[in-house]
Amino acid sequence: MFRISDPVLRNVADKVLAGERLSAEDGLYLDEKADLQTLGQLANVVRERRNGNWAYYNTNIHLNPTNVCVYRCRFCAFRADLKDAKAYTFTDEMLRERVLEGRASGATEIHVVGGLHHQKKFEWYVNVVRVIHETCPEIHIKAWTPVEISWFSFISKLSIRDVLEKMVDAGLGSMPGGGAEIFDPEVRKQICEHKADSDVWFDVHRTAHQLGLRSNATMLYGHIEKAEHRIDHLLKLRELQDETGGFQTFIPLAFHPENTELSHIEKPDGLFDLRMIALSRLMLDNFDHIKAYWIMLGQQTAQLALSYGADDIDGTVVHELIYHDAGAKTPEGMKVDQIHHLIREAGREPMERDTLYRRVVRNGRDWTVAGPVCATSVR
Ligand code: V47
Ligand code: SF4
C-alpha cells in the first residue's frame, strides 16, 4: 500500500504511521511535492484511527441575519451596501419564522453568521441570539465569527470576554470557524485589509475556549495564497489547540470566485480540494474532525473526501447564501436520506451528531443525544 520511492516522502510517511507530529518542512513538502494518492492514503490512515468508518453529519439550518457589511473583503460575494437592491436585514418575525422552519425539519443546530451592519447596535445582535433561543431553546445556536465578535466589542466598548458572556447569556452555544481566511498578514492585507487580524481571531477563540465554548476553524484556500501561507495557517491553529483543546472541527474552504473582486482567479479544482482535506488531516494531529463541507465541494468531491481524511460532511444546511452568491451550483440543502445515501455510497457509515459531536437519537420528530461520540476535553 505504501510503496514510496521518494526518500523525503517515505520519511514523512513513516512519521505519520508512527503517530509522530509533522513539522513545517514536512507540511511544505506534502503540500508542494507529494502525489495525491500517497497524501490521501496517509490521511485516510489518520482519519480511520480517529473516527473509524463513521461519517458524521448534522441536521442544521443557516441564518444570515443581514448581508449589509461595513467591510469589503475581496473574496466576498455575499455582502451588500445598505442601498443595494439585494441588501436585507431580518426582523424578529423573520428570525422566528426561520427557527420554526428549522424545528419543523428536525434541526438540532442553527448556524448564524452575517455582515456587520453599521446602523445596528450591539443590542440588535444580542437580540438575534435571544429571539432564536426563546423561540426554540432546544436548537443549538452556533453563531458569530471573531470578525463579528471584535466588531461587537468595538461598537459596544465592551471587552471580548464581556461580549461573549452576554451572547452566552442570550443563548449562544458555540462558534463557527469563519473569518480565519489566511492568517499571514501580507495575504490578509490583500484580500481583507480592514477586518480583524489573526491576533484578534486567536484572542476571540482562546477567550471562548476559556469560557467553555467549543468552536471550529477554517482556512480559505485557492486564491492568492501560497503553500507556505497554508502551512503557517495550519500550524498556528495546531498551536492554539495544544493550548486549549477547544476546537472541534477544521473546515478547509475552497475559494469561489464568481461575483467577487477576485473573479479573475480560477476556482480550485477537485484535486486541489482533496489535497487540502488530506493536508489538514495530516498537519492538524490534535483536531478530532475534518469537515468536507459538501455545499462548497459538491457532493461527489465530498464523497471522495471521506477517503482523503474527512470524517464529517456538515449537514442538511438549508438557506446557504455565502457560497451560492459566489457561484456554487450545489443544491441549497439536502434531505437526511440523501445524506445517508451519499455517505453509504462512499463506503462509510453515517452517524447523526449534534453540534458538540454527541450522537443524535431520533424518535419521529423528537430527538435526544446519547453522549460524546468523540471527545476532546477543553483544557
Ligand atoms: O469566513 C466567504 C468564506 C466563511 C467566500 O464552522 C468564502 O461549521 C469561498 O466559516 N468563496 C464563512 N469562501 C463560512 C464558514 C463556515 C462554513 C461552513 C461551516 C462552518 C462551521 C463555517 O466563508 C468566511 C470566508 O472564509 N467565504 N466568501 C467565497 N467567495
Ligand atoms: Fe463582510 Fe464577512 Fe463578506 Fe468580509 S466576508 S465583506 S466581513 S460579510
Side-chain angles (χ1 to χ4, degrees), residues 56-58 60-62 64-81 84 86-87 109-118 140-151 173-183 187-188 191-196 200-201 205 208 213-223 225 233 247-263 265-268 273 276 287 289-297 302 312-317 320-328 330 353-357:
Y56 306 106
Y57 71 93
N58 71 346
N60 63 352
I61 189 160
H62 280 216
N64 307 116
T66 181
N67 61 355
V68 176
C69 189
V70 288
Y71 293 137
R72 292 177 172 275
C73 302
R74 294 181 67 211
F75 55 79
C76 178
F78 163 74
R79 74 163 301 281
D81 287 330
D84 285 353
K86 75 165 203 168
E109 170 191 288
I110 185 156
H111 171 121
V112 184
V113 290
L116 310 166
H117 193 309
H118 55 290
H140 179 106
I141 305 175
K142 180 180 77 177
W144 314 132
T145 68
V147 176
E148 288 158 307
I149 298 294
S150 113
W151 175 253
S174 67
M175 287 177 63
E181 324 315 356
I182 284 283
F183 294 134
V187 174
R188 235 175 152 79
I191 62 170
C192 53
E193 188 179 6
H194 300 291
K195 78 178 185 187
V200 174
W201 196 95
H205 280 275
L213 291 171
R214 309 305 299 270
S215 65
N216 295 337
T218 58
M219 173 175 78
L220 180 66
Y221 66 86
H223 44 91
E225 93 291 355
H233 190 98
F247 288 119
Q248 302 198 110
T249 312
F250 177 73
I251 312 131
L253 295 172
F255 174 50
H256 279 48
E258 234 177 83
N259 305 320
T260 76
E261 280 184 32
L262 300 175
S263 59
I265 297 176
E266 213 168 296
K267 182 174 172 299
D273 295 333
M276 289 303 104
F287 276 61
H289 304 286
I290 302 292
K291 190 185 283 188
Y293 185 35
W294 70 264
I295 208 127
M296 166 203 78
L297 293 173
D312 190 301
I313 61 156
D314 203 82
T316 44
V317 185
E320 201 288 327
L321 287 183
I322 295 176
Y323 283 85
H324 287 88
D325 282 354
T330 45
R353 59 156 180 93
D354 72 351
T355 312
L356 303 175
Y357 283 84

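Counting starts at 1 for both ligands and their atoms, following the listed order.
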statement: atom 11 (N) of ligand 1 has as its nearest protein heavy atom H256 N, 2.8 Å
message: Using a 4.0 Å cut-off to any heavy atom of R79, which atoms of ligand 2 qualify?
response: 6 (S)
message: List ligand 1 atoms under 4.0 Å from L253, heavy atoms only on the residue side.
response: 3 (C), 4 (C), 23 (O), 26 (O)
query: If hydrogens are left out, which of F255, Y221, Y323, F75 has an atom nearest to atom 13 (N) of ligand 1, that is, the closest non-hydrogen atom?
result: Y323
query: To which protein heavy atom is atom 26 (O) of ligand 1 closest, and what is the distance rounded to 0.1 Å?
result: E181 OE1, 2.4 Å
- request: Look at atom 22 (C) of ligand 1 and say which protein heavy atom is nearest, naming residue and atom and giving the distance to 0.1 Å.
  value: H111 CE1, 3.6 Å
query: Would a distance-only check, ignoring hydrogens and angles, find a side-chain to backbone donor-acceptor pair under 3.5 Å from R79 to V70?
result: no
Per-atom contacts of ligand 1 with I251, taking only distances under 4.0 Å to non-hydrogen atoms: 6 (O), 8 (O), 20 (C), 21 (C)
statement: shortest atom 10 (O) of ligand 1-to-protein heavy-atom contact is with G178 CA, 2.9 Å
task: Examine the proximity of ligand 1 to A254 and report which part, side chain or backbone, both or neither, has a heavy atom under 4.0 Å away.
output: backbone
- request: Give the residue and atom name of whichever protein heavy atom lies nearest to atom 1 (O) of ligand 1, and the separation in Å to one decimal.
  value: G179 N, 2.7 Å
- prompt: To which protein heavy atom is atom 2 (C) of ligand 1 closest, and what is the distance rounded to 0.1 Å?
  reply: I322 CG2, 3.4 Å
Pair K267 + D273, salt bridge at N-O below 4.0 Å: no
message: Distance under 4.0 Å to a non-hydrogen atom of L220: what atoms of ligand 1 satisfy this?
response: 7 (C), 9 (C), 13 (N)
task: Below 4.0 angstrom from a heavy atom of P176, which ligand 1 atoms are there? Numbered from 1 as shown, please.
output: 6 (O)
- prompt: For M175, is the nearest heavy atom under 4.0 Å from an atom of ligand 1?
  reply: no
query: How far is atom 6 (S) of ligand 2 from its nearest protein heavy atom, and which residue and atom name does that atom have?
result: C73 N, 3.4 Å
Main-chain N/O of I295 paired with T330 side-chain donor or acceptor, under 3.5 Å: yes
- request: Would you kindly say whether H205 and S215 are connected by a side-chain donor-acceptor distance under 3.5 Å?
  value: yes
H233 side-chain N/O to F183 backbone N/O, donor-acceptor pair under 3.5 Å: yes
- request: Quick one: sort the Y293 and Y323 rings into parallel, tilted or perpendicular, breaks at 30° and 60°.
  value: perpendicular
message: Can you report which non-hydrogen protein atom sits closest to atom 17 (C) of ligand 1, along with the distance?
response: Y293 CE2, 3.7 Å
Parallel, tilted or perpendicular: rings of H289 and Y357 (30°, 60°): parallel
- prompt: Looking only at atom types and distance, does a side-chain atom of E148 sit under 3.5 Å from a main-chain N or O of G179, one as donor and one as acceptor?
  reply: no
query: Near A326, which atoms of ligand 1 are under 4.0 Å from a heavy atom of that residue?
result: 30 (N)
task: For residues R353 and N58, report the shortest heavy-atom separation together with the two atoms involved.
output: O-CB, 3.1 Å
message: Is the ring pair H111/H62 parallel, tilted or perpendicular, if the boundaries are 30 and 60 degrees?
response: parallel
query: Is there side-chain contact between D314 and M296, with at least one heavy-atom pair below 4.5 Å?
result: no
query: Closest non-hydrogen protein atom to atom 7 (S) of ligand 2, residue and atom name please, with distance?
result: C69 SG, 3.7 Å
- request: Indicate yes or no: at least one non-hydrogen side-chain atom of V113 is less than 4.5 angstrom from one of N64.
  value: yes
query: Considering only heavy atoms of N216, which atoms of ligand 1 have at least one such atom less than 4.0 Å away?
result: 6 (O), 8 (O), 21 (C)
Contact check, side chains of M219 and M276, non-hydrogen atoms, under 4.5 Å: yes
Heavy-atom nearest neighbour in the protein, as seen from atom 6 (O) of ligand 1, with distance rounded to 0.1 Å: G177 N, 2.8 Å
- request: If you have a sec, work out which protein heavy atom is nearest atom 3 (Fe) of ligand 2 and how many Å separate them, to one decimal?
  value: C76 SG, 2.4 Å
- prompt: Which of the numbered atoms in ligand 1 are below 4.0 angstrom from a heavy atom of K142?
  reply: 6 (O), 8 (O), 21 (C)
